[in-house]
Amino acid sequence: MSTTITITGAGGQIGYALLFRIAAGDLLGPDEKVRLRLLEIPQGIGAAEGAALELQDGAFGLLEHVEVSDDAAVGFDGCDLALLVGARPRGPGMERGDLLAANGGIFGPQGAAIAANASPDVRVTVVGNPANTNALIAAASADGVPSSRFTALTRLDENRARAQLAQTLAVPVDTVRRVPIWGNHSATQFPDVSHATVAGRPASEALEAIVGDVPAWLDSTFIPRVAKRGAEIIEVRGSSSVASAASATLDHVRDWVHGTDDWTSAGVVSQGQYGVPEGLVCSFPVQSIDGEWQVVEGLEVSDWARQRIEASVAELVEERDAVTALGLL
Ligand code: NAD
Ligand code: LMR
């Protein structure tokens with residue numbers, strides 16, 4: 001048995017960071033063979049073919065087959081896991097939503113090609129920005145594929161939030177848990193520390209001892225730092241995040257396939273949980289159980305948190321209206 005994985009935009013930066021880690025077993029483990037399908041547009045085919053040559057030269061024991069194509073029917077043929085990365089990145093001074101007009105048109109045809117060609121239980125992870133609304137477009141175009149099979153990556157935001165909290169508390173990052181992201185993968189996102197734990201104990205007391213006024217620190221320091229980290233990376237390195245984005249993509253898909261033992265974050269199609277309008281692709285605290293993402297329900301949400309979540313959800317509604325007006329939905 002082997003798993004067929006399609007990576008769109010495989011000739012781009014994140015694609016290049018993903019391919020070799022997948023071939024090395026970092027996604028599905030050391031026992032699962034992989035078949036890679038690299039889907040590009042004609043301008044990116046050379047870069048993808050070059051990556052395919054390097055994959056061959058890596059002599060990865062788990063890598064059964066690599067195919068490069070600019071035809072979506074070939075690219076998604078028999079695909080079990082689809083990583084939709086191919087899309088333009090933003091530049092300095094842009095918000096991710098500014099990419100809607102440029103990138104939205106990619107995801108309808110890809111959703112349709114997935115429905116027509118992928119394996120029936122395909123799992124789709126949208127990385128290309130604006131990821132939530134692109135996932136919404138892809139899901140809406142994939143007749144016959146359950147919308148629960150379409151997700152948007154917000155794990156990078158969660159990883160950033162956990163890392164910032166760990167740095168503040170001077171603890172190892174893997175001891176920090178339950179820091180979910182709510183809403184959009186954008187500057188309005190809400191990284192939520194209210195349920196955070198450190199080594200199994202509530203983080204709140206430790207946080208207060210270090211930062212003093214926790215609500216003020218969240219408003220002025222933590223939330224903006226996490227929500228604007230993508231822009232910070234662009235400013236410092238000159239182009240958007242690559243290796244951390246690839247790593248978070250692997251975290252997301254690995255947890256989806258293998259399950260979680262605690263909460264994490266993913267953009268999933270809302271069924272109306274926490275008042276989020278049905279059908280929006282919204283980030284929630286989730287667990288992966290029996291291969292399905294399930295929203296963690298029944299959490300206490302303060303008025304302050306609810307306002308933040310509602311602001312991000314309002315932006316998702318605006319994006320949905322904008323792509324509807326563009327004829328993409
Ligand atoms: P890049 O420009 O290096 O690569 C994008 C690749 O996509 C290019 O090779 C291009 O030819 C290809 N492409 C464009 N349209 C395509 C299509 N229709 N089908 C297949 N391939 C196509 O960009 P990158 O740095 O790899 O970033 C890719 C996307 O990921 C951007 O939209 C970026 O904003 C986004 N991103 C999202 C997250 C997240 O957390 N969700 C994190 C980082 C980056
Ligand atoms: C990120 O969060 O790093 C990506 O979405 C890229 C960006 O435009 O910020």
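In each ligand, atom 1 is the first atom listed, and ligand 1 is the first ligand listed. Since we're looking at a predicted model, the values are computed, not measured.
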Under a 4.0 angstrom heavy-atom cut-off, which atoms of ligand 2 come close to [X]?
| X | value |
| --- | --- |
| Gly230 | 1 (C), 2 (O), 3 (O), 9 (O) |
| Ser240 | 6 (C) |
| Ile234 | 8 (O) |
| His185 | 1 (C), 2 (O), 4 (C), 5 (O) |

Exercise for the section: Decide if the gap between the ring center of Phe284 and the ring center of Trp293 is smaller than 6.0 angstrom. Expected result: no

Please check if the number of heavy atoms outside [X] that lie under 6.0 Å from its [atom1] is greater than 12.
| X | atom1 | value |
| --- | --- | --- |
| Arg201 | CZ | no |
| Gln56 | CD | no |
| Glu32 | CD | yes |
| Glu235 | CD | no |
| Glu205 | CD | no |

Taking 4.0 angstrom as the limit and counting only heavy atoms of [X], give me the atoms of ligand 1 inside it, by number and element.
| X | answer |
| --- | --- |
| Arg88 | 31 (C), 32 (O) |
| Leu156 | 40 (O), 42 (C) |
| Ser241 | 42 (C), 43 (C) |
| Ala245 | 42 (C), 43 (C) |
| Gly11 | 9 (O) |

Return the closest protein heavy atom for [atom] as residue, atom name and distance.
| atom | value |
| --- | --- |
| atom 3 (O) of ligand 1 | Gln13 N, 2.9 Å |
| atom 5 (C) of ligand 1 | Ala87 O, 3.5 Å |
| atom 18 (N) of ligand 1 | Ile106 CG2, 3.4 Å |
| atom 21 (N) of ligand 1 | Gly9 N, 3.3 Å |
| atom 8 (C) of ligand 1 | Glu40 OE2, 3.5 Å |
| atom 22 (C) of ligand 1 | Gly86 CA, 3.7 Å |
| atom 29 (C) of ligand 1 | Val85 O, 3.3 Å |
| atom 9 (O) of ligand 2 | Arg90 NH2, 2.7 Å |

Handout entry: Phe60 and Phe20 aromatic ring geometry - parallel, tilted or perpendicular at 30°/60° bounds
Key = tilted

Indicate, as side chain, backbone, both or neither, the part of [X] found under 4.0 angstrom from ligand 1 when only non-hydrogen atoms are considered.
| X | answer |
| --- | --- |
| His185 | side chain |
| Gln110 | side chain |
| Asn129 | both |
| Ile14 | both |

Handout entry: Presence of salt bridge, Arg155 and Asp255, under 4.0 angstrom
Key = yes

Problem - Pair Arg225 + Glu232, salt bridge at N-O below 4.0 Å - result: yes

Can you check which of [options] brings a heavy atom nearest to [atom]?
| atom | options | answer |
| --- | --- | --- |
| atom 20 (C) of ligand 1 | Ile233, Leu39, Leu38, Leu99 | Leu39 |
| atom 17 (C) of ligand 1 | Ile41, Asp157, Val127 | Ile41 |
| atom 2 (O) of ligand 1 | Pro89, Gly12, Pro109 | Pro89 |

Problem - Any N or O of Asp157 closer than 3.5 Å to N or O of ligand 2 - result: no

Practice task
Keeping the roles fixed (side chain from Ser283, backbone from Ile181), state whether a donor-acceptor pair exists under 3.5 Å.
Solution key: yes

Handout entry: Donor-acceptor pair, side chain of Asp192 and main chain of Val179, under 3.5 angstrom
Key = no

Tell me yes or no: between the side chains of [X] and [Y], is some donor less than 3.5 Å from an acceptor?
| X | Y | result |
| --- | --- | --- |
| Asp121 | Ser119 | yes |
| Ser2 | Glu64 | yes |
| Gln189 | Asn184 | no |

Practice task
Please state which part of Arg160 comes within less than 4.0 Å of ligand 2, counting heavy atoms only: side chain, backbone, both or neither.
Solution key: side chain

Exercise for the section: Quick one: look at Ile233 and ligand 2, take heavy-atom pairs under 4.0 Å, and tell me if it's side chain, backbone, both or neither. Expected result: neither

Practice task
Among Leu165, Val198, Asp262, find the one that has a side chain to side chain contact (heavy atoms under 4.5 Å, CB included) with Arg177.
Solution key: Asp262

Completion exercise
Rounded to the nearest 0.5 angstrom, the NE2-CG distance for His185 and Asn134 is 10.5 Å

